[in-house]
Number of protein chains: 2
Amino acid sequence: MNKTFGKLDARIIKDLIAIAGKENVLIDKPDLEGYACDEMAFSEKYLPQAVVKAANADIITGVLSLAARYKIPVTPRGAGTGVSGGCTPVYGGIVLSLEKMDRILEIDEKNFAAVVEPGVTLDKLNKELSRSGLYYPVYPGELSATLGGNIATNAGGMNAVKYGVTRQQVLGVEAVLPNGNIIKSGGKYVKSSSGYDLAQLLIGSEGTLAIVTRIILKLTTRPLFREVLFVPFNDLQDAIDAVPEILRLEMVPIGLEFIERDIIEIVERYTGKEMPYHDYAAFLMLIMEGKSENEILEYFGKVEEICKKHGAVAAMVPGSERAKRRLLKAREQFYPAIKACASFDVVDVVVPRSEVAKFIKKVKEISHKYEIKVIAYGHAGDGNVHLHSIRLNITDEDWNKKEPHLMKEIHEAGISFGGAVSGEHGIGFAKKAYLPLQFSPEEIELMKAIKKAFDPNGILNPGKIFDS
Amino acid sequence: MNKTFGKLDARIIKDLIAIAGKENVLIDKPDLEGYACDEMAFSEKYLPQAVVKAANADIITGVLSLAARYKIPVTPRGAGTGVSGGCTPVYGGIVLSLEKMDRILEIDEKNFAAVVEPGVTLDKLNKELSRSGLYYPVYPGELSATLGGNIATNAGGMNAVKYGVTRQQVLGVEAVLPNGNIIKSGGKYVKSSSGYDLAQLLIGSEGTLAIVTRIILKLTTRPLFREVLFVPFNDLQDAIDAVPEILRLEMVPIGLEFIERDIIEIVERYTGKEMPYHDYAAFLMLIMEGKSENEILEYFGKVEEICKKHGAVAAMVPGSERAKRRLLKAREQFYPAIKACASFDVVDVVVPRSEVAKFIKKVKEISHKYEIKVIAYGHAGDGNVHLHSIRLNITDEDWNKKEPHLMKEIHEAGISFGGAVSGEHGIGFAKKAYLPLQFSPEEIELMKAIKKAFDPNGILNPGKIFDS
């Protein structure tokens with residue numbers, strides 16, 4: 001990292017205060033520490049020189065214009081719940097926090113649209129929507145995440161089989177360019193063929209092209225009933241083989257997860273609660289919504305038949321609301337449970353869903369070779385595999401020597417199965433080294449040329465996705 | 001139009017023949033005439049100097065590298081069924097036809113994906129898929145259109161309420177850049193957060209950024225039953241008001257169209273067949289799929305109730321397969337029927353769906369002011385309004401004087417209701433004048449900067465979307 005940026009001196013701080021107000025500019029070290037990293041594993045901390053809490057797009061225009069003039073890096077930040085370091089200010093400079101832009105501006109019940117500021121959390125949006133008959137279906141698990149952050153990483157999660165990811169739910173955005181210009185793209189409509197779709201380009205660009213200041217989200221009707229089916233198998237490959245047949249049924253599940261025994265053990269230890277069928281090797285967990293309980297149960301009957309044909313041992317629908325909630329809750333606690341058990345590194349590779357079991361088999365081989373335990377779970381319905389390499393019973397020296405190779409080989413394997421580096425976490429700076437495994441130099445050059453078209457000075461979230 | 005391009009001389013023709021083969025390079029005027037425009041109304045013809053029929057991506061690389069060297073414009077072309085002049089070679093040069101790249105490379109039944117070349121028509125894909133249980137849901141009406149063309153315009157159509165548009169169905173592309181480099185983006189997965197989504201940027205870019213040479217499409221399960229409901233109203237506003245309530249029901253229709261009496265009369269004249277309830281002012285037509293006929297009819301019962309609350313006169317489900325097909329067929333014949341009745345200009349504005357009736361009311365006012373009849377129909381479920389200004393009982397002089405103002409005011413009205421210039425036809429060169437009504441100079445500058453990042457010489461489909 002050898003970029004040359006300007007120095008954020010006292011004069012610029014004074015200008016920032018003039019733009020954003022004294023109470024919205026933090027410069028004291030203890031205040032800055034909360035903005036030095038996200039939830040990425042093993043992240044170094046990178047202190048910004050200043051944090052600016054923006055209250056509106058005009059303030060962001062002011063900050064970016066100033067930053068452009070003096071070549072100061074600006075790193076936008078939502079709730080900081082990312083795990084790839086996307087909002088970590090690796091070159092220092094200004095962290096532009098969007099936490100104060102947290103207004104829900106409109107719930108449009110006629111056009112099934114919500115207009116929100118980027119600092120609105122999923123939790124806040126869901127609560128507001130619970131008063132209407134409408135619903136925002138993307139569920140990346142972490143409800144304290146902001147919609148702005150969801151756009152930055154194109155957040156996915158468990159409901160993607162039916163509803164897709166953030167990209168499919170964003171109808172339009174307003175954003176501030178690095179030169180301070182405010183642009184709009186999209187609106188309250190699903191169809192458009194009117195010039196380049198700038199909104200779609202910004203989604204997943206991890207805050208490197210522009211700062212999104214307003215978001216129009218597509219809403220959907222709220223499902224009436226939701227049920228869960230839990231299916232144990234003796235072998236992961238059997239479970240994965242059942243997936244295409246399940247998805248061929250006349251109804252589409254919201255989510256279809258796979259789980260391996262390893263993670264079940266860890267979750268049981270974390271929650272102190274026993275999981276059903278916990279001695280089996282692998283599990284499918286299917287989340288389904290429908291217009292009646294009967295409709296769902298009838299569908300589950302067909303799923304059970306398919307799964308048993310593929311060697312499933314049983315198929316369980318939790319008998320009570322409480323048991324159902326516990327099962328769903330257990331799935332959500334995979335991440336914190338693993339976190340509580342040891343430190344770890346995270347892989348978020350996506351592969352074609354037919355390749356999930358083969359990919360994981362390959363991962364286990366790599367894991368054995370390096371004698372580092374790797375735990376797998378994820379989204380069987382969409383091929384997004386979460387792996388955790390566990391730092392347990394290994395010396396620091398061994399870990400530092402082996403882990404980078406383990407990671408590289410796992411990513412190479414994912415790509416060789418037709419996959420991508422990241423399904424939903426983003427590249428940030430954590431996965432930057434793996435991007436060239438997926439993309440040719442020409443492809444990365446093209447991305448850099450796009451970056452340059454937006455940000456000729458390279459001030460916006462530098463050091464992320466690729467070195468530009 | 002005052003761009004300076006190189007001259008396509010005999011030497012370059014010789015090189016083109018060396019690259020693509022003699023039989024694939026057309027230079028005789030009668031051969032070129034079929035490539036001088038698309039189906040746009042009132043289009044001048046622009047003869048290319050050569051047509052190259054490419055058989056694969058390497059040939060396209062060869063042609064583009066050559067064209068880049070000599071600054072020759074290259075206009076990619078699918079089936080030429082567009083209506084905005086997107087594939088019309090307004091600066092002459094080379095038309096690069098993709099009609100020979102028409103192979104379906106793979107139907108992947110496990111990952112619900114099709115891999116096709118850009119010259120594959122919707123018709124060919126649908127026929128191939130009819131042998132599987134899978135289905136490509138985008139239905140823009142014109143089945144002779146190619147998938148490459150669908151990507152260029154982000155084609156929409158009647159099924160967009162449930163399935164979205166082309167953008168939502170493309171998992172990945174391979175494309176040749178203007179410098180000849182071949183790039184890939186995406187794969188057989190729905191989730192990705194791995195660098196900028198170049199595939200999404202190419203969708204809807206009308207062949208101005210790159211030439212798509214391979215497409216991975218998302219497939220879905222084939223619906224078992226499909227039914228149509230036809231609902232007459234005395235007033236269009238009543239029909240539009242019923243829409244949000246219909247879409248709130250627990251099932252989502254595939255398509256939800258609105259029709260005005262004017263068009264019914266024209267279609268009756270064209271087909272020689274009487275439409276049901278043809279004396280009423282406006283109609284909703286709802287297309288629904290489900291897992292049983294009963295399920296759909298039960299749903300239609302609820303729709304009928306909502307529509308009657310909003311003043312619907314009746315609600316008719318065609319009593320036979322034949323009657324159903326006739327009704328669907330009539331909808332598809334709007335375009336040819338109007339074409340047979342008079343020449344016309346086309347508007348393809350999209351507005352938030354709650355604004356459809358208000359927008360059309362405004363359009364009628366503008367229409368009266370200029371004494372040019374404007375016919376409206378379109379997609380009530382997604383706000384995409386098709387308007388035809390009919391050139392009937394008007395002198396050439398009057399038409400030429402009034403029509404541009406009529407068009408401009410209609411587009412201004414659409415934008416003022418929160419809409420976009422084009423929902424699904426694209427800008428091409430037909431709608432270029434209206435783009436600045438929707439986008440600020442800064443937004444268009446940004447699009448031009450992106451264009452430049454892809455195509456620094458400006459050789460790829462010049463004169464489209466904006467003047468670059």
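Sequence lines set the chain letters: A, B, ... in the order given, protein chains first and strands last, and positions in each chain run from 1.
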Participant: Side chain, backbone, both or neither: which part of B/V165 has an atom under 4.5 Å from a heavy atom of chain A?
Facilitator: side chain
Participant: Determine whether the side chains of B/S354 and A/N111 contain a donor N or O and an acceptor N or O closer than 3.5 Å.
Facilitator: yes
Participant: B/R248 and A/L134: side-chain contact (heavy atoms from CB on, under 4.5 Å), yes or no, with the steps?
Facilitator: CA-CA 8 Å; B/R248 282 227 170 194; A/L134 297 170; 3.7 Å; yes
Participant: So which residue, B/L224, B/V421, B/D382, ends up with the most heavy-atom pairs under 4.5 Å with chain A?
Facilitator: B/D382
Participant: Which residue out of A/K188, A/K291, A/M251, A/E442 racks up the most heavy-atom pairs below 4.5 Å with chain B?
Facilitator: A/K291
Participant: About how many Å separate CG of A/L198 and CG of B/L201, when rounded to the nearest 0.5 Å?
Facilitator: 8.0 Å
Participant: To the nearest 0.5 Å, what is the distance between NZ (A/K191) and NE2 (B/H425)?
Facilitator: 8.5 Å
Participant: Is it the side chain or the backbone of B/S422 that comes within 4.5 Å of chain A heavy atoms, both, or neither?
Facilitator: both
Participant: Return the option, out of A/G418, A/S185, A/S440, A/P244, with the maximum number of heavy-atom pairs under 4.5 Å with chain B.
Facilitator: A/P244
Participant: Verify side-chain contact (heavy atoms from CB on, under 4.5 Å) between B/Q200 and A/R167, making sure each step is shown before the conclusion.
Facilitator: CA-CA 10 Å; B/Q200 285 293 329; A/R167 181 176 299 293; 3.8 Å; yes
Participant: Considering only heavy atoms, which portion of B/E424 lies under 4.5 Å from any heavy atom of chain A: side chain, backbone, both, or neither?
Facilitator: both
Participant: Please classify the contact of B/K452 with chain A as side chain, backbone, both or neither, using a heavy-atom distance under 4.5 Å.
Facilitator: neither
Participant: What option among B/G195, B/A160, B/G172 has the most heavy-atom pairs under 4.5 Å with chain A?
Facilitator: B/G195
Participant: In terms of heavy-atom pairs under 4.5 Å with chain B, which of A/E443, A/E250, A/H379, A/E206 leads?
Facilitator: A/E443
Participant: Between B/F439 and A/Y196, does the ring centroid distance fall short of 6.0 Å?
Facilitator: no
Participant: Between A/A449, A/A453, A/G204, A/G423, which shows the greatest number of heavy-atom pairs under 4.5 Å with chain B?
Facilitator: A/G423
Participant: Does any heavy atom of chain B fall under 4.5 Å from the side chain of A/T221, the backbone, both, or neither of them?
Facilitator: side chain
Participant: Rounded to the nearest 0.5 Å, what separates atom CG in A/L446 from atom CZ in B/F454?
Facilitator: 4.0 Å
Participant: Name the region of B/L247, side chain, backbone, both or neither, that has any atom closer than 4.5 Å to a heavy atom of chain A.
Facilitator: both
Participant: Examine whether an atom of B/E245 lies under 4.5 Å from a heavy atom of chain A, and if so say whether it belongs to the side chain, the backbone or both; otherwise answer neither.
Facilitator: neither
Participant: Decide if atom CD of B/E298 counts as having more than 12 heavy atoms of other residues, nucleotides or ligands within a radius under 6.0 Å.
Facilitator: no
Participant: Quick check on the interface: out of A/R222, A/Q168, A/E109, who has the most heavy-atom pairs with chain B under 4.5 Å?
Facilitator: A/E109
Participant: Which region of B/I183, side chain (C-beta onward) or backbone (N, CA, C, O), has a non-hydrogen atom less than 4.5 Å from a non-hydrogen atom of chain A, or is it both or neither?
Facilitator: both
Participant: Which atoms form the tightest heavy-atom contact between B/Y189 and A/A420, and what is the distance?
Facilitator: OH-CB, 3.4 Å
Participant: Tell me whether B/K184 at atom NZ has more than 12 heavy atoms from other residues, nucleotides or ligands lying less than 6.0 Å away.
Facilitator: no
Participant: From A/N154 CG over to B/S194 OG, what is the distance, rounded to the nearest 0.5 angstrom?
Facilitator: 9.5 Å
Participant: Can you name the nearest heavy-atom pair linking B/S193 to A/G426, along with the distance?
Facilitator: OG-CA, 3.1 Å
Participant: Shorter than 4.5 Å, heavy atoms on both sides: which option in A/I427, A/I465, A/D108 has the most such pairs with chain B?
Facilitator: A/I427
Participant: Tell me, side chain or backbone of A/F112 under 4.5 Å from chain B's heavy atoms, or both, or neither?
Facilitator: both
Participant: Heavy-atom distances under 4.5 Å only: say whether B/K431 touches chain A with side chain, backbone, both or neither.
Facilitator: neither
